[in-house]
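Structure first, then comments.
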2 protein chains.
Amino acid sequence: MATVRKQASTPGAATRERILDAARDLFAEHGVQAVSLRELTSHAGVNLAAIHYHFGSKEALLAELFSRSSQPIVQWRLELLAKVRREPDGRPVLEDVLEAFLRPALSSGRRQNATFVRLRARLALERNEATRRILRDTFDESSQEVIAAIAEALPDLPELELYWRFHFLIGSMFYTMADSGRIQSLSGGKCDPGNVEEVLARLVPIFANVFREGCNAAPVAAPSPLREPTVETNAAGEPSPAKPRKAKLNEAKSGAAKSSAAKPSKTRRPARTS
Amino acid sequence: MATVRKQASTPGAATRERILDAARDLFAEHGVQAVSLRELTSHAGVNLAAIHYHFGSKEALLAELFSRSSQPIVQWRLELLAKVRREPDGRPVLEDVLEAFLRPALSSGRRQNATFVRLRARLALERNEATRRILRDTFDESSQEVIAAIAEALPDLPELELYWRFHFLIGSMFYTMADSGRIQSLSGGKCDPGNVEEVLARLVPIFANVFREGCNAAPVAAPSPLREPTVETNAAGEPSPAKPRKAKLNEAKSGAAKSSAAKPSKTRRPARTS
DNA sequence: TCATGATTTACACGTTCGTTTAAATCATAT
DNA sequence: ATATGATTTAAACGAACGTGTAAATCATGA
């Protein structure tokens with residue numbers, strides 16, 4: 001009996017930590033909703049009930065994971081922000097401010113837990129109010145300090161423009177953090193956003209230019225080609241070429257896929273003969 | 001009997017379309033996994049089984065929804081790309097190329113279905129292989145045409161740099177499309193990424209500058225402050241200040257929250273007296 | 001050594017999920 | 001009018017979900 005006693009594979013690793021590690025990895029890979037507590041605990045090598053014993057609920061586990069993993073990032077950011085170099089006129093060096101903002105976010109602490117970076121990027125696009133509040137409470141303060149530092153570095157930049165460009169910056173940042181693999185696919189593997197130093201070496205000077213570039217850039221000079229598509233879709237896309245599917249009558253003659261488009265043809269209907 | 005006959009609220013609206021509309025809205029708002037077929041059908045005002053009758057499965061519904069909604073976007077993009085203005089030397093106008101790329105994505109066809117834009121942004125961060133393939137199959141071809149047009153407009157820009165900057169561009173684009181509300185929160189509501197024209201008026205010239213700006217921007221001139229956080233977290237964050245929670249023995253004396261950190265205190269354990 | 005509390009285990013609960021089925025209903029051509 | 005096929009309906013299936021609970025096990029100080 002007694003299953004396997006203790007295994008002693010990782011002696012000092014407490015159950016809590018194993019759960020948090022597994023949650024970080026699995027939540028980042030598949031999303032919070034898609035991960036069941038059973039696969040989580042089995043992946044962590046702990047008992048199912050351990051989650052409720054140590055955290056109370058799945059949601060509480062996520063909150064604990066997030067606040068714990070975020071703390072070093074925010075702290076590092078504030079440290080970097082405090083030691084930003086100054087221009088002769090006393091203003092912060094813009095590149096240093098941007099790096100203080102980006103480096104901790106992209107590196108995710110000193111550990112190899114690159115997976116939390118992905119989790120954060122994923123949660124950043126969530127529209128769930130609870131998730132938004134967690135992100136706000138965790139990162140807004142230090143983000144506001146970064147924004148204030150940028151404003152200090154560029155006193156002539158209108159506040160609204162600063163916010164717009166900051167929005168585009170965090171877009172590029174989160175998309176890099178998410179590691180969607182899209183640009184690897186498009187570039188044939190030549191571009192690797194997983195390399196933090198390579199990302200910073202490009203993102204920092206690029207957005208330093210973006211922020212510095214005054215509002216001089218023509219507002220929207222382009223006469224703009226056209227604004228509506230000429231495609232004549234009726235109400236949604238196609239008229240109604242693809243009929244649903246035969247309800248009864250599974251005649252064997254039309255066994256192959258109809259022809260509608262290119263469906264995955266997942267054997268649309270078993271239609272057992274019984 | 002016969003429940004309610006037909007209701008005739010929207011006479012011509014077929015069941016298929018009601019399902020697709022509801023799926024678009026709900027998937028975009030809460031994510032695919034988080035939406036059950038029951039809330040979907042009840043939101044659409046159709047029977048639960050209608051989804052399997054018309055589409056076969058939840059996954060097939062998503063694929064159908066995506067391909068149908070994407071088609072006008074891609075088509076519009078290709079049309080705009082075909083009528084991009086040319087410089088006197090015959091090269092494409094970079095701003096027009098960027099607008100051809102961005103406008104259809106941000107506008108989502110001619111309809112008011114801004115929700116599909118959010119759905120697409122959400123799926124873009126998904127790491128699910130099936131989802132990635134859908135996105136690749138749908139958008140890669142037209143994206144490659146955009147990349148080729150940019151390369152044609154900027155023949156001196158190294159290919160690798162082009163891909164990096166395109167990566168940052170689609171990051172800003174997707175984050176704008178996701179409408180996470182973060183920049184509204186940070187800017188106190190002054191910045192509204194939901195306004196497509198306002199986004200384009202800023203994003204197009206900004207990234208035109210980004211692409212045009214040669215590799216002259218100092219590679220990474222910054223001596224870079226420090227690269228590791230000084231915070232001394234052991235293994236994960238905190239030593240072990242917050243004890244789990246009492247297992248048995250729900251003594252009434254310590255009824256209030258322990259003090260650990262600032263937990264949501266969701267009544268960690270009911271511990272019914274029975 | 002033993003008592004005690006912290007932790008882990010096995011198991012079951014009620015619910016909700018995606019899916020399926022068979023019958024009822026609708027639309028329409030003859 | 002009626003037959004026929006398309007569509008909708010109500011009800012149920014088994015599986016998997018998050019959660020709860022009582023007992024077994026472990027660690028440790030007296």
Side-chain angles (χ1 to χ4, degrees), chain A residues 1-8 11-19 23 30 32-42 44-62 240 242-251 254 266-274, chain B residues 1-8 11-19 23 32-42 44-62 240 242-251 254 258 266-274:
Chain A
M1 290 315 158
T3 60
V4 70
R5 190 196 298 265
K6 186 60 175 300
Q7 190 64 20
T15 300
R16 271 183 72 95
E17 306 301 330
R18 317 243 312 237
I19 293 175
H30 306 108
V32 178
Q33 292 266 6
V35 176
S36 74
L37 297 189
R38 281 170 177 82
E39 33 181 343
L40 205 165
T41 50
S42 93
V46 304
N47 188 273
L48 170 62
I51 287 181
H52 289 86
Y53 177 76
H54 286 284
F55 302 97
S57 75
K58 186 182 185 180
E59 190 178 343
L61 164 62
L62 174 64
S240 58
K243 302 303 285 293
R245 64 171 174 174
K246 313 302 282 296
K248 305 289 174 60
L249 298 192
N250 55 330
E251 64 271 89
S254 69
K266 212 179 160 186
T267 70
R268 297 281 291 222
R269 178 172 250 232
R272 57 179 62 184
T273 56
S274 71
Chain B
M1 278 328 147
T3 58
V4 71
R5 191 192 298 262
K6 188 59 175 300
Q7 191 63 24
T15 300
R16 270 183 71 96
E17 306 301 330
R18 316 243 312 237
I19 293 175
V32 178
Q33 291 267 6
V35 176
S36 74
L37 297 188
R38 281 170 177 82
E39 33 180 343
L40 205 165
T41 50
S42 93
V46 304
N47 188 272
L48 170 61
I51 287 180
H52 290 87
Y53 177 75
H54 286 283
F55 302 96
S57 73
K58 187 182 185 181
E59 190 178 342
L61 164 62
L62 175 64
S240 60
K243 302 303 285 292
R245 63 169 176 175
K246 312 303 282 295
K248 307 287 173 61
L249 300 192
N250 56 332
E251 63 273 271
S254 69
K258 205 58 160 296
K266 210 178 159 188
T267 68
R268 298 280 290 222
R269 178 173 252 233
R272 58 180 60 184
T273 55
S274 73

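Per chain, numbering begins at 1; letters A, B, ... match sequence-line order.
- As a whole-Å value, the separation of B/F55 CZ from C/dT20 C1' is 18 Å.
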Dump the pairs, protein N or O against N or O of nucleotides 15-17 of chain D, anything under 3.5 Å, distances to one decimal.
residue	atom	partner	partner atom	Å
D/dC17	OP1	A/S36	OG	3.1

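- A straight line from CD of A/E59 to C1' of D/dT19 spans 14 Å, rounded to a whole angstrom.
- Annotation: the span from B/T15 atom OG1 to B/H54 atom NE2 amounts to 4.5 Å, rounded to 0.5 Å.
- Here B/I51 lies out of heavy-atom contact (under 4.0 Å) with every strand.
- Rounded to whole Å, the distance from CG on B/L40 to P on C/dT16 is 17 Å.
- Partners of B/S36 according to the side-chain contact (heavy atoms from CB on, under 4.5 Å) rule, which considers only residues two or more places apart in sequence or in another chain, are B/R38, B/E39.
- Rounded to whole Å, the distance from OH on B/Y53 to C1' on C/dA22 is 14 Å.
- Remark: A/I51 CD1 to A/L37 CG distance equals 4.5 Å, nearest 0.5 Å.
- Distances shorter than 4.0 Å separate some side-chain N or O of B/H54 from OP1 or OP2 on D/dT8.
- Contact annotation: A/H52 does not reach the phosphate of D/dG20 (side-chain N/O to OP1 or OP2, under 4.0 Å).
- For the residue pair B/I19 and B/L40, the shortest heavy atom distance occurs at O-CD2, 3.8 Å.
- In this structure, of D/dT8, C/dT8, D/dA12, it is D/dT8 that holds the atom nearest to the side chain of B/N47.
- Contact detail for B/Q33 and B/K58: the closest heavy-atom pair is O-NZ, 3.9 Å.
- What separates CG of A/L48 from P of D/dT21 is a distance of 15 Å, to the nearest Å.
- With sequence neighbours left out, B/A44 forms a side-chain contact (heavy atoms from CB on, under 4.5 Å) with B/R18, B/A22, B/V46.
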